[in-house]
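The figures here come from the full heavy-atom set of this structure, side chains too, leaving out hydrogens, waters and symmetry mates.
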Amino acid sequence: MDRTIPLERFDDMPVMAPQILQEPDNQPGTKFVRLNLNENPLPPSPNAIAAMHDAVNIANRYPDHSCSALAQIISARIGISTDRLAFGNGSGEMLFAAAAIAVDRNDQAVLPGPTFAPVGKNVRLAGGEVVTVPVLDNGSNNVSGMLDAINEHTALFYLCTPNSPTGGMLEAEQIKLAADRVPSDCLLMVDEAYHEFAAWEGGPDVLSLLAAREGPWAVIRTFSKAYGLSGARIGYAIVGNRALAAGFSKMRIGFNVNRIALAGACAAMRDQNYLEMVLDTISRERQRLSVTLQNYGLQVYPSAANFLLARANKSSDTIAAKLEEHHILVQTLPWPDDNGSLRITIGTTTENDAFLNALTDAL
Ligand SMILES: *Cc1c(COP(=O)(O)O)cnc(C)c1O
């Protein structure tokens, strides 16, 4: 008997929830400026807030498991039938389900590195092995390098555009290459958590590029970022065929999408003006921050998302620790060298100014 519980593959899994963000009174608090989680600094659309208030009154009733109202709105928007949509408790759940659906024991998944950390964890939870292909110098996925890493064990091919945490966006050409060349017994997954921001900057239309693909594919999107509903937890997958949608459906825990999130997501999608205001605001602030950081002597990477990747000639961990003394939270990552980089979420003007002030001290 050599079984251990939890299973051995849990040994090096990271534990969730950094202590610093605990909320003993269920309030985010005012002590810290949170530029570390790529949240939207602006509240959800007022219509979404009103819809969620209304939904609270019927919280005694289970939600619509088919998410039919939201499915119809999305279907009409993207021109793909509702039976090719799947919903989850944040897009994180879709990423988890995708690994479970596609990856068998000892299968491999090809991922960019660095990328959204839970994806690799999901693969390992499914008993699979992660093959990491470093991102390009500009922070975008190295698609041809990733294609070269495919072998007969490859079950999942994960692209993230714009890539978190590095920010780089894929060109249409690269997405088309993956759509054509990823084998038809391998799930091609494209994480578009920052889709709305990327589209605002004129990014490629991933869905239409995948439409011609013969093998299975899934595009993952969320209401957590541009729609400002991180706390409500709702995301979705758009998939290439009905069988794959059924796979996601089989993975679902009952009533995984709550009615408050559903109501909020529907109202948010209907409020296009508010979304455009958010995208315009974040885009301008990102531009301002980028220019200022470069004036401070930092190297700033191109970004079409609600965050920037920047680096100084100094350890990013040291800078982040100093920022934290000023109650500013940012994320660090060990890329592209020993100094690492800072991933800075675009906040409000006030928050960004507080960050810039603290940074002059940290540098
Ligand atoms: C934020 C993010 C997600 C998931 O967010 P949810 O809140 O679970 O919807 C997924 N992928 C990437 C790349 C992200 O940055």
Participant: Please, which pairs that meet ring pair (Phe, Tyr, Trp, His ring centres under 6.0 Å) have at least one residue in residues 20-41, sequence neighbours excluded?
Facilitator: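 Output for this query lists Phe32-His327.
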
Participant: Scan for side-chain hydrogen bond (donor to acceptor under 3.5 Å, both in side chains) pairs involving residues 4-14, sequence neighbours excluded, and state none if there are none.
Facilitator: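 Listed by first then second residue: Asp12-Arg124.
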
Participant: Just to verify, what does Ser75 make a side chain to side chain donor-acceptor pair (under 3.5 Å) with, not counting sequence neighbours?
Facilitator: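 By the side chain to side chain donor-acceptor pair (under 3.5 Å) rule, Ser75 matches no residue at all.
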
Participant: Among all residues two or more places apart in sequence or in another chain, which pass the side chain to side chain donor-acceptor pair (under 3.5 Å) test with Asp64?
Facilitator: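 Partners of Asp64 by the side chain to side chain donor-acceptor pair (under 3.5 Å) criterion, ordered by chain and then number, come out as Ser68.
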
Participant: According to salt bridge (charged side-chain N to carboxylate O under 4.0 Å, His left out), who are the partners of Arg252, at least two apart in sequence or on a separate chain?
Facilitator: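 Arg252 satisfies salt bridge (charged side-chain N to carboxylate O under 4.0 Å, His left out) with no other residue.
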
Participant: Kindly write out the residues that satisfy ring pair (Phe, Tyr, Trp, His ring centres under 6.0 Å) with Phe307, not counting sequence neighbours, or none if the list is empty.
Facilitator: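 In terms of ring pair (Phe, Tyr, Trp, His ring centres under 6.0 Å), with neighbours along the sequence ignored, Phe307 is linked to Tyr194.
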
Participant: What residues form a salt bridge (charged side-chain N to carboxylate O under 4.0 Å, His left out) with Lys314, not counting sequence neighbours?
Facilitator: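 Scan of Lys314 (salt bridge (charged side-chain N to carboxylate O under 4.0 Å, His left out), adjacent residues dropped) gives none.
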
Participant: Without hydrogens or angle criteria, can the side chains of Thr349 and Asn352 be said to hold a donor-acceptor pair below 3.5 Å?
Facilitator: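 Side-chain D/A pair, Thr349 to Asn352: absent.
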
Participant: Taking the side chain as every heavy atom from C-beta outward, state whether Thr360 and Leu356 have any pair of such atoms under 4.5 Å apart.
Facilitator: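 They are not in contact (no side-chain heavy atoms under 4.5 Å apart), so the answer is no.
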
Participant: Using the test salt bridge (charged side-chain N to carboxylate O under 4.0 Å, His left out), find all partners of Glu201 that sit at least two apart in sequence or belong to another chain.
Facilitator: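 With neighbours one apart ignored, the set is Arg286.
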
Participant: Just checking, any donor-acceptor pair under 3.5 angstrom between side chains of Asp317 and Ser315?
Facilitator: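 No.
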
Participant: Which residue pairs satisfy the ring pair (Phe, Tyr, Trp, His ring centres under 6.0 Å) criterion with at least one member in residues 271-298, sequence neighbours excluded?
Facilitator: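 Qualifying pairs: none.
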
Participant: Give a yes-or-no answer on whether the side chains of Asn141 and Gln174 include a donor-acceptor pair shorter than 3.5 Å.
Facilitator: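 No, because no side-chain N or O of Asn141 sits under 3.5 Å from a partner of the opposite role on Gln174.
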
Participant: Mind checking what makes ring pair (Phe, Tyr, Trp, His ring centres under 6.0 Å) contact with Trp335, not counting sequence neighbours?
Facilitator: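 Ring pair (Phe, Tyr, Trp, His ring centres under 6.0 Å) check on Trp335 returns Tyr301.
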
Participant: Mind checking who shares a hydrophobic cluster with Ile101, ILVMFWY linked at side-chain heavy-atom distances under 4.5 Å?
Facilitator: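 The other cluster members (ILVMFWY side chains, heavy atoms under 4.5 Å, direct or chained) are Leu7, Phe10, Met13, Met94, Leu95, Phe96, Val103, Leu111, Phe116, Val119, Val123, Leu125, Val130, Leu156, Tyr158, Leu187, Met189, Ile220, Val239, Leu244, Phe248, Met251.
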
Participant: With sequence neighbours excluded, what pairs up with Arg221 under the salt bridge (charged side-chain N to carboxylate O under 4.0 Å, His left out) test?
Facilitator: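 Once residues adjacent in sequence are excluded, the partners of Arg221 under the salt bridge (charged side-chain N to carboxylate O under 4.0 Å, His left out) criterion are Glu192.
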
